[in-house]
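In this chain, residues are counted from 1 in sequence order. All values reported here derive from a predicted model rather than from experimental measurement.
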Amino acid sequence: MPAASLSSRLLALWRGSALLKTAAGSMALKILGAAFGLLNGILFARLLGPTEFGVYSIVMAAVTLLSTLAVLGLPSLVTREVAVHHSKAQWSLLKGVLVTSHRWVIVASLLLMLAVAGIATGFMSRYPLTVVGWASALLLIPLMAFNQLRAALLRGLHWVVAADIPELVVRPMLVTLGVTIVYALSITADSNAALSVQAASVLVALLVGSWLLARRVPGQIKNVHSEHRRESWLRGSGVFLTITIVGMLESQLPLYMLGALSKSEDAALFQVASQIVGVVVLGLTAVNLPLQPKLAAAWGQGKKVQAQQLVSESAKMASVLAIAAAVIIMPFAEQLLSIYGEQYTGSAWALRILVMGQIFNALSGSCGVVLAMTGHQKLQLMGLILALLVNLVVAIFAIPMFGVVGAAMATTFSLLLWNMLLMFFAWKKTGLRSFVDFSRKEC
């Protein structure tokens, strides 16, 4: 398609699409958050050095996984349920979602913290953190879990941009401030200090997010009794939790495998490449957030044409932005990596391989969101499990031979398989085409 025709069509989309306008706001915040994320990554990488930065990256990956376990797969379920109940003015059910989700996360977080504290001594010899470092890592589990829940509730209420402010603006700004203070006061810059800065920043972000949620919860729920659907929630959250766990394992598996089969320096190289490649999929992530509640509401009301329009719009915007980012990253991989330090330029080819996978990811559209918001999350889980197995097998053979490049190969192969399966499942079960198609007029 000619560039002029593509530009005019995208301009027409922008003028008539509430989804893209909301996504643009989310995108702006994500760009700001990505900028702070890159800045903080550079600061950590330079101050800590490859060894300490590798330890910090592995611990943060484990904490992220544990906090995801603590939230019990509720974010996608909560966003879907809140969007439906809010659109139908079902205030008792909406209040039940708020109450039940918070209770479950509190219990799960406490149990996980106790479990981790009990087994942490077994890892102290490999990752010799101080008491402050371990305490910060433990505290991050419930804080990050409640941040995920708070964001999901705000998205379900269609406050997508507000949901991102604490995590994409408040937290990274505070991390930058904390790193600056550590440097200015000549505090030992190691993984313990980095984890402490993260814990303090997440705590403040959670307080800000809680305040935003309190201001946006509908006043009608104050005078009604909460209605709970625990059985259906248990079934739904169980599937979503499994999806989340498998998805986290699949995305973080190369990092874990590098820690096990290689050295912490390689984990640091992969972490830096992963941070840069996140820019490629930024558009897809931005449109997925407003798409979730809108698609759930449209599908719940039987508006299939509107649902297809939403999905197609999101795929086009994500693909254009992904290709634009890739055009910059691919030829200048070494230069971009050198910003973190010359010792990180060895992951240039790993970065290029990851970029190619993320381009295909963007072109595939929001296939996972389609399945999750239309009640076909079990098929989403099936695709993720197969992708995880592929990731594991490729990583076992590729990492010992190619190091960080092998980890990138494992990630990309699994991403290709995952998207192909989910695109097929989404089309087969819902009739919705998640992949990008610039030739169709409904988009």
>> Check for me whether R216 meets the cation-pi criterion with W159, that is, NZ or CZ under 6.0 Å from the six-membered ring centre and within 45 degrees of the ring axis.
In response: yes
With no hydrogens and no angle check, is any side-chain donor or acceptor of [X] less than 3.5 Å from a backbone partner on [Y]?
{"X": "S312", "Y": "Q309", "value": "no"}
{"X": "K304", "Y": "T430", "value": "yes"}
{"X": "N361", "Y": "G357", "value": "no"}
{"X": "S101", "Y": "L98", "value": "yes"}
{"X": "N391", "Y": "A387", "value": "no"}
{"X": "Q377", "Y": "I243", "value": "no"}
{"X": "T412", "Y": "I353", "value": "yes"}
{"X": "R150", "Y": "A163", "value": "yes"}
{"X": "S347", "Y": "Y344", "value": "yes"}
{"X": "T79", "Y": "A152", "value": "yes"}

Supply the atom-to-atom distance [X] [atom1] to [Y] [atom2], rounded to the nearest 0.5 angstrom.
{"X": "L74", "Y": "R80", "atom1": "CG", "atom2": "CZ", "value": "12.0 Å"}
{"X": "M144", "Y": "E167", "atom1": "CE", "atom2": "CD", "value": "7.0 Å"}
{"X": "L149", "Y": "S210", "atom1": "CG", "atom2": "OG", "value": "9.5 Å"}

>> Determine whether V82 and L157 satisfy the following criterion, side-chain contact (heavy atoms from CB on, under 4.5 Å), listing intermediate values before the conclusion.
In response: CA-CA 7 Å; V82 168; L157 294 170; 3.8 Å; yes
> Is the closest side-chain heavy-atom distance between F425 and H376 below 4.5 Å?
Replying inline: no
> Just by distance, with hydrogens left out, do Q198 and Y56 show a side-chain donor and acceptor under 3.5 Å apart?
Replying inline: yes
> Under 3.5 Å, is there a donor-acceptor pair linking the side chains of S338 and E334?
Replying inline: no
> Which is it for Y340 and Q275 under the side-chain contact (heavy atoms from CB on, under 4.5 Å) test, yes or no, and what are the steps along the way?
Replying inline: CA-CA 11 Å; Y340 290 80; Q275 288 180 352; 3.3 Å; yes
> Under the side-chain contact (heavy atoms from CB on, under 4.5 Å) criterion, do L422 and S364 qualify, and how do the steps go?
Replying inline: CA-CA 9 Å; L422 266 60; S364 301; over 6 Å; no
> Under the side-chain contact (heavy atoms from CB on, under 4.5 Å) criterion, do F146 and V105 qualify, and how do the steps go?
Replying inline: CA-CA 7 Å; F146 277 108; V105 173; 3.7 Å; yes
